[in-house]
2 protein chains.
Amino acid sequence: MDDFLTLDKQLCFAIYETSSQFSKLYSKVLEPFDLTYPQYLVLLALWEQDGIGVMALGEKLRLGTGTLTPLLTRMEKGGWIRKERSREDERKVHVYLERKAIEQKAGITQAVQSAIATCRISMEEYVQLMEYLRRLQEKLARAKQHVGS
Amino acid sequence: MDDFLTLDKQLCFAIYETSSQFSKLYSKVLEPFDLTYPQYLVLLALWEQDGIGVMALGEKLRLGTGTLTPLLTRMEKGGWIRKERSREDERKVHVYLERKAIEQKAGITQAVQSAIATCRISMEEYVQLMEYLRRLQEKLARAKQHVGS
DNA sequence: AACGATTAAATCGTACACGATATATTATAG
DNA sequence: CTATAATATATCGTGTACGATTTAATCGTT
C-alpha cells in the first residue's frame with residue numbers, strides 16, 4: 001500500500017517537471033537572442049543591479065562558482081557582459097552589462113512577457129503559488145540543516 | 001518601472017530555486033545509497049511499474065533518450081537495474097529492477113520520508129500546491145504549442 | 001613585518017539535460 | 001517483395017549544475 005510513492009503524487013517531481021517545462025519554454029523564446037534560460041536569469045539579476053560581484057550574483061541565483069564562472073565566460077564571449085577585477089580587492093570580480101544587454105533588454109523581456117501572457121495565469125493564482133513556494137522553500141532550507149547534522 | 005522584472009518576483013525563478021533545493025536535499029539523503037536524485041526518480045517509476053520500456057519511462061519522467069540512456073547505463077553499472085532488448089520487437093529495450101533495488105526500497109524510501117517529514121508540510125499545503133502546479137503545467141504545455149507555431 | 005586563517009574565483013571531475021543526428025528494426029505502400 | 005516511411009534507441013555536442021580542490025589576495029594576530 002505505498003500508493004503515495006507514485007511519481008505523480010510526489011511534490012518533488014511536480015516541481016521538477018514544472019521547472020523543466022519553464023526551462024524548455026523560456027529556451028525556445030530566448031533562442032532567437034542566442035540566450036539560454038540561465039543566461040537570461042543572469043541578465044535579470046544584472047538589469048536589477050549592474051556591477052554586482054560574482055559571489056553576490058551566485059547568492060541571488062543560488063549558483064556556485066563552479067556553475068557561474070563558465071556561464072559568465074560564455075556570456076562574455078557572447079558580448080552580453082564584461083567581467084572586471086575590483087581595484088580595491090583584487091580577489092573580487094564585478095560583472096557589468098555590455099551595451100548589447102542594455103539595448104536588447106526591451107526586446108528580450110517583451111518576447112518573454114508575450115509568451116507568458118499566453119498562459120493566462122490569473123493574478124490570484126500567481127500570488128498564491130508564489131506564497132506557497134516561499135513557505136515550501138523555507139521548510140526545505142530548514143530540512144537541509146537537519147540532514148546535514 | 002519594471003519592478004516586476006525582479007528575480008524574486010518571477011514565478012519561473014521561484015520554481016527554479018525550489019527545484020534546485022529539492023535536488024540538493026534529496027541528493028544529500030540519497031548519497032549513502034550511491035544514488036543521485038534523477039536515479040531515485042527512475043527507481044520510483046520502476047517500483048511503480050517494473051519492466052517498462054525506455055520510451056515509456058522517458059514519458060513518465062519527461063526525459064529524452066539523450067538523458068535517459070547514459071543515466072540508465074550508470075544505474076546498470078551500479079547494479080540497480082538491468083536493460084533487456086525485447087524479443088518481439090528488437091528496437092525496444094525494457095528496464096528491470098535488480099535485486100538490489102528491490103531489497104533496498106524500504107531503506108531508501110524511509111530515509112527520504114524521514115527527511116521530508118522534518119519539513120512538516122501540512123496536508124492542506126501539499127494538496128493545494130499540487131493542484132496549483134497541475135494547473136500551471138497545463139498552461140505551460142499550451143504556451144509551448146503557441147511558441148512553436 | 002610575518003605568517004596562518006579567511007575569503008573570492010577559478011578549475012576539475014562527474015552527472016544531468018537538451019536538441020539534433022545516426023543506426024537499427026519493424027511497418028507499410030505499391 | 002521491395003523501397004520507403006516510421007519507430008526506438010543510441011550517440012554527439014553543448015550547456016548547466018554540483019561538490020571538492022586549487023590558487024591568489026586580504027585580514028588578523030602576534
Side-chain angles (χ1 to χ4, degrees), chain A residues 13 16-31 33-42 52-59 61-78 80-81 83-95 144 147-148, chain B residues 13 16-31 34-42 52-59 61-78 80 83-95 144 147-148:
Chain A
F13 183 62
Y16 172 85
E17 270 185 305
T18 312
S19 180
S20 158
Q21 273 185 288
F22 261 124
S23 170
K24 284 175 192 166
L25 177 59
Y26 275 65
S27 295
K28 225 176 218 175
V29 174
L30 295 167
E31 199 200 330
F33 300 98
D34 270 308
L35 272 177
T36 66
Y37 177 46
Q39 287 168 13
Y40 167 73
L41 294 179
V42 168
I52 194 176
V54 169
M55 186 160 206
L57 188 57
E59 274 164 15
L61 299 169
R62 285 183 197 265
L63 293 176
T65 66
T67 303
L68 217 44
T69 298
L71 204 170
L72 293 175
T73 302
R74 281 185 289 271
M75 291 186 75
E76 196 167 27
K77 207 164 291 179
W80 296 105
I81 59 152
K83 284 195 285 185
E84 221 169 82
R85 210 157 267 282
S86 168
R87 292 262 181 252
E88 314 93 55
D89 188 340
E90 295 261 332
R91 288 171 305 184
K92 291 184 187 166
V93 170
H94 295 276
V95 186
K144 204 184 168 196
V147 173
Chain B
F13 183 62
Y16 173 86
E17 270 186 305
T18 312
S19 180
S20 158
Q21 274 186 288
F22 261 124
S23 171
K24 285 176 192 168
L25 177 60
Y26 274 66
S27 296
K28 227 177 217 175
V29 174
L30 296 167
E31 198 199 331
D34 270 308
L35 271 176
T36 66
Y37 177 47
Q39 287 169 13
Y40 167 73
L41 294 178
V42 168
I52 195 177
V54 169
M55 187 161 205
L57 188 57
E59 275 164 14
L61 300 169
R62 285 184 197 264
L63 294 175
T65 67
T67 303
L68 260 184
T69 299
L71 204 170
L72 293 175
T73 302
R74 280 186 290 270
M75 290 185 76
E76 197 167 27
K77 206 164 291 179
W80 296 105
K83 285 195 285 185
E84 222 169 82
R85 210 157 267 282
S86 168
R87 291 263 183 252
E88 314 92 54
D89 188 340
E90 296 261 333
R91 288 172 303 184
K92 291 183 187 168
V93 170
H94 296 276
V95 185
K144 204 184 165 194
V147 173

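Side-chain atoms are counted along with the backbone in the values below, which use heavy atoms only and exclude waters and symmetry mates.
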Taking distance alone, no hydrogens or angles, what donor-acceptor pairs closer than 3.5 Å link side-chain atoms of residues 23-31 of chain B to residues at least two apart or in another chain?
| residue | atom | partner | partner atom | Å |
| --- | --- | --- | --- | --- |
| B/Ser27 | OG | B/Ser23 | O | 2.6 |

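Judged purely by atom type and a 3.5 angstrom limit, B/Thr73 uses its side chain to pair as donor or acceptor with the backbone of B/Thr69.
Here the range on DNA chain C touched by chain B, meaning any atom under 4.0 Å from one of its heavy atoms, is C/dA15 to C/dT26.
Residue B/Tyr16 comes nearest to A/Leu61 through the heavy atom pair CE2-O, 4.0 Å, listed as atom of the first residue, atom of the second, then distance. Considering every non-hydrogen atom in both A/Leu68 and A/Val54, the closest pair reads CD2-O, 3.5 Å.
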For this session: Classify every nucleotide of nucleotides 8-17 of chain D by which part a protein heavy atom approaches to under 4.0 Å, writing B for the base, S for the sugar-phosphate alone and - for neither, in 5'-to-3' order.
Result: SBBBB--SBB
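B/Leu63 places none of its side-chain heavy atoms less than 4.5 Å from the side chain of B/Leu41.
The side-chain hydrogen bond (donor to acceptor under 3.5 Å, both in side chains) check on A/Arg74 picks up nothing, with sequence neighbours excluded. The salt bridge (charged side-chain N to carboxylate O under 4.0 Å, His left out) test applied to B/Glu84 returns B/Arg82, not counting sequence neighbours. Judged as a side-chain hydrogen bond (donor to acceptor under 3.5 Å, both in side chains), and not counting sequence neighbours, A/Glu76 has no contacts.
Counting non-hydrogen atoms under 4.0 angstrom, A/Glu88 reaches the backbone sugars and phosphates but no base.
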